[in-house]
Student: 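Encoded as structure tokens, here's the structure I'll be asking about.
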Amino acid sequence: MATPPAIIWKDAVERLLRYRELIPRLEVALGKFSRRDSAELIQPVRTTVPLQKYNGFLGLMPAYMENDGVLSTKFVCFYKREDGSTLPATQATVVLLDPEYGNVKAVMDGEVITDMRTAAVSAISAKLLMRPGAEVLAILGTGRQALSHYNVFTEMFSFKEVRVWSRTKEKAERFRDSVSGPVTACVSVEEAVRGADAIVTVTRCTEPVLFGQWVKAGAHVAAVGACRPNWRELDDVLMKEAVVYADSREGAMAESGDIVLSGAEVFAELGDVINGTKPAHREKTTVFKSLGMGVQDAVSAKLVFDQWKAGHSQL
Ligand SMILES: NC(=O)C1=CN([C@@H]2O[C@H](COP(=O)(O)OP(=O)(O)OC[C@H]3O[C@@H](n4cnc5c(N)ncnc54)[C@H](O)[C@@H]3O)[C@@H](O)[C@H]2O)C=CC1
Ligand SMILES: O=C(O)C1=NCCCC1
């Protein structure tokens, strides 16, 4: 009989997940995904169920990696919250199953996984697409994803200046005061992004906040919010001028308002660049459109579970 599932709470996930172990595993998984070898990896575009009354969605994000023996699904609720709402933008749980028996091996907090794997994939996009010698990072938004992106970008790269923008100066200043490194709190998006080499958009907005006219030629943009086909973070000018990369082409075509409504073409997936089948246009303005993928959660959950098991076998 199967043993009861492990329940792995948020504080344990926080303790067990580390970018230095996560990032190389995500790079391998992105490459596998872009090879579209169903004997190795199956990950459909997520199913979304509207939660109309609450202005949100339930996303179901399964993934199966046969050779790695990993079967998982994430349940994530995400919301278009009204201004001033203190309710969370996303809530997530990851379930890890035994692919042979179908029993649940672990149920774990998915918030830390979502924060960290999303930021890690944006950092991979910057590693592949940002110009060498990048000095200025701008982050638009000051929520959970802003913090995880700040953490991994400052861990992986040596920016001389980090700027943040939020809709109120107080929020930008609160973010600045909550992190250990130097940050400039900006009062306008334009002030934050003018001259920036890397720009991360992690807002809950549904209309464009980042306009191409302010973006330095050759900058790299990791666009993380706006994950519905009628939501936007970036304007048409930027979408049409930039070379656009995505985590999943099918996901981007189905879910990204920035792509669907601008008519921009997805040039390549990050996995194509990792596999060497498509070039990294570092010399051009690049946009990485992130939607999030079940396989990113699967890899993260396996890492958490393996570390959790190792810790428990020593007891
Ligand atoms: N691509 C991916 O894999 C993932 C994307 N997301 C998306 O990333 C975004 C940020 O998520 P969290 O940091 O968890 O949310 P959060 O609620 O912690 O932070 C959201 C930030 O956006 C700001 N904001 C809210 N409405 C805005 C508006 N109309 N204009 C400008 N700023 C606005 C808030 O003040 C806050 O700074 C959301 O859109 C979420 O759906 C979240 C998880 C994964
Ligand atoms: O991949 C995810 O997880 C999410 N993507 C977009 C919306 C929130 C969660």
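In what follows, every heavy atom counts, from backbone to side chain, and hydrogens, waters and symmetry copies are set aside. Order of listing sets the numbers, starting from 1, for every ligand and every atom in it.
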Student: Tell me which one of Q91, M293, R117, Q145 gets a heavy atom nearest to atom 2 (C) of ligand 2.
Tutor: R117

Student: Would T114 count as a polar contact of ligand 1, with the cut-off being nitrogen or oxygen pairs under 3.5 Å?
Tutor: no

Student: Tell me whether the NZ or CZ atom of R35 lies within the 45° cone about the ring axis of F33 and under 6.0 Å from its centre.
Tutor: no

Student: Which ligand 2 atoms does G292 reach within 4.0 Å, using its non-hydrogen atoms?
Tutor: 1 (O)

Student: Looking only at protein heavy atoms, identify the closest one to atom 41 (O) of ligand 1 and say how far it is in Å.
Tutor: C227 SG, 3.7 Å

Student: So is there a nitrogen or oxygen of W165 less than 3.5 Å from a nitrogen or oxygen in ligand 1?
Tutor: no

Student: Between P88 and ligand 1, which residue portion shows a heavy-atom distance shorter than 4.0 Å: side chain, backbone, both, or neither?
Tutor: neither

Student: Give the C-alpha distance, both sets of side-chain angles, the deciding distance and a yes or no for side chain to side chain contact (heavy atoms under 4.5 Å, CB included) between F75 and V95.
Tutor: CA-CA 8 Å; F75 302 83; V95 175; 3.6 Å; yes

Student: Under 4.0 Å from ligand 1, counting heavy atoms only, is it the side chain of Q296, its backbone, both or neither?
Tutor: neither

Student: Looking only at heavy atoms of R117, does any of them come nearer than 4.0 Å to an atom of ligand 1?
Tutor: yes

Student: For atom 7 (C) of ligand 1, what is the nearest protein heavy atom, given as residue, atom name and distance?
Tutor: V224 O, 3.7 Å

Student: I need the atoms of ligand 1 closer than 4.0 Å to a non-hydrogen atom of G292, numbered in the order shown.
Tutor: 1 (N), 2 (C), 3 (O)

Student: For the rings on Y54 and Y79, is their centre-to-centre separation under 6.0 Å?
Tutor: no

Student: Suppose I only count heavy atoms of L291 and a 4.0 Å limit; which atoms of ligand 1 are within that range?
Tutor: 1 (N), 2 (C), 3 (O)

Student: Name the closest protein heavy atom to atom 1 (N) of ligand 1, giving the residue it belongs to and the distance to 0.1 Å.
Tutor: S290 OG, 2.9 Å

Student: Please identify which atoms of ligand 2 are closer than 4.0 Å to at least one heavy atom of C227.
Tutor: 6 (C), 7 (C)

Student: Counting distance only, does the side-chain N/O of K80 pair as donor-acceptor with the main-chain N or O of T206 below 3.5 Å?
Tutor: no

Student: Is the closest heavy atom of E255 to ligand 2 under 4.0 Å?
Tutor: no

Student: Just let me know how D297 lines up against ligand 2, side chain, backbone, both or neither, with a heavy-atom cut-off below 4.0 Å.
Tutor: neither

Student: Say whether T201 and E233, considering side chains only, have a donor N or O and an acceptor N or O under 3.5 Å apart.
Tutor: yes

Student: Which of the numbered atoms in ligand 1 are below 4.0 angstrom from a heavy atom of G141?
Tutor: 37 (O)

Student: Decide whether an N or O pair under 3.5 Å exists between T114 and ligand 2.
Tutor: no

Student: Go through the steps to decide whether R174 and E170 satisfy the test salt bridge (Lys or Arg N to Asp or Glu O under 4.0 Å), and finish with yes or no.
Tutor: CA-CA 6 Å; R174 212 176 308 140; E170 291 69 37; over 6 Å; no

Student: What are the two closest non-hydrogen atoms of L234 and M239, and how far apart are they?
Tutor: CD1-SD, 3.6 Å

Student: Taking only heavy atoms of T90 into account, list the atoms of ligand 2 that are under 4.0 Å away from them.
Tutor: 8 (C)

Student: Report, in ascending order of atom number, the atoms of ligand 2 lying under 4.0 Å from any heavy atom of K74.
Tutor: 2 (C), 3 (O)

Student: As an exercise, identify every atom of ligand 2 less than 4.0 angstrom from a heavy atom of F78.
Tutor: 7 (C), 8 (C)

Student: Out of M61, R228, R167, whose heavy atom sits nearest atom 24 (N) of ligand 1?
Tutor: R167

Student: Please tell me whether H220 and S125 have a donor and an acceptor in their side chains that are separated by less than 3.5 angstrom.
Tutor: yes

Student: Is atom CD of Q213 surrounded by more than 12 heavy atoms (other residues, nucleotides or ligands) closer than 6.0 Å?
Tutor: yes

Student: Assess the residue pair I139 and W165 against the criterion (side chain to side chain contact (heavy atoms under 4.5 Å, CB included)); give the C-alpha distance rounded to whole Å, side-chain angles, the decisive distance to 0.1 Å, and a yes or no.
Tutor: CA-CA 6 Å; I139 301 177; W165 167 84; over 6 Å; no

Student: Please state which protein non-hydrogen atom is closest to atom 4 (C) of ligand 2 and give its distance, to 0.1 Å?
Tutor: R46 NH1, 3.5 Å

Student: Do ligand 1 and Q145 have nitrogen or oxygen atoms that lie under 3.5 Å from each other?
Tutor: yes

Student: Looking at non-hydrogen atoms alone, which of T118, T201, T168, D247 comes nearest to atom 2 (C) of ligand 1?
Tutor: T118

Student: Test your reading of the model: is there a side-chain donor-acceptor pair from Q43 to the backbone of V295, 3.5 Å cut-off?
Tutor: yes

Student: Tell me whether V224 shares a hydrophobic cluster with L22, the cluster being built from Ile, Leu, Val, Met, Phe, Trp, Tyr side chains joined at under 4.5 Å.
Tutor: yes

Student: To check your reading of the model: name the closest protein heavy atom to atom 15 (O) of ligand 1, its residue, and the distance in Å.
Tutor: A89 CB, 3.4 Å

Student: Check ligand 2 against V76 and write out every atom of the ligand that is under 4.0 Å from a heavy-atom position of the residue.
Tutor: 9 (C)

Student: How about E269 and S248: does a side-chain donor come under 3.5 Å of a side-chain acceptor?
Tutor: no

Student: For a quick test of reading the model, state the closest non-hydrogen atom pair linking M130 to A198 and the distance between them.
Tutor: SD-CB, 3.6 Å

Student: Starting from atom 5 (N) of ligand 2, which protein heavy atom do you reach first, and at what distance in Å?
Tutor: L291 O, 3.0 Å

Student: To check your reading of the model: name the closest protein heavy atom to atom 28 (C) of ligand 1, its residue, and the distance in Å.
Tutor: C205 CB, 3.4 Å

Student: Might you confirm whether atom CD of E265 has over 12 heavy atoms from other residues, nucleotides or ligands at distances under 6.0 Å?
Tutor: no

Student: Could you tell me the residue and atom name of the protein heavy atom closest to atom 17 (O) of ligand 1, and the distance to it rounded to 0.1 Å?
Tutor: R204 NE, 2.8 Å

Student: So which protein heavy atom does atom 38 (C) of ligand 1 come closest to, and at what separation?
Tutor: T203 O, 3.5 Å

Student: Are any of the heavy atoms in Q296 under 4.0 Å away from ligand 2?
Tutor: no

Student: Would you say the side chain of W9 lies within less than 4.5 Å of the side chain of V13, judging by non-hydrogen atoms?
Tutor: no

Student: Indicate yes or no for a side-chain donor-acceptor contact from D98 to the backbone of E100 under 3.5 Å, with no hydrogens or angles considered.
Tutor: yes

Student: Tell me, which protein residue and heavy-atom name are nearest atom 37 (O) of ligand 1, and how many Å apart are they?
Tutor: T142 N, 2.8 Å

Student: Does any N or O in the side chain of N55 come within less than 3.5 Å of the main-chain N or O of R81, such that one atom is a donor and the other an acceptor?
Tutor: no

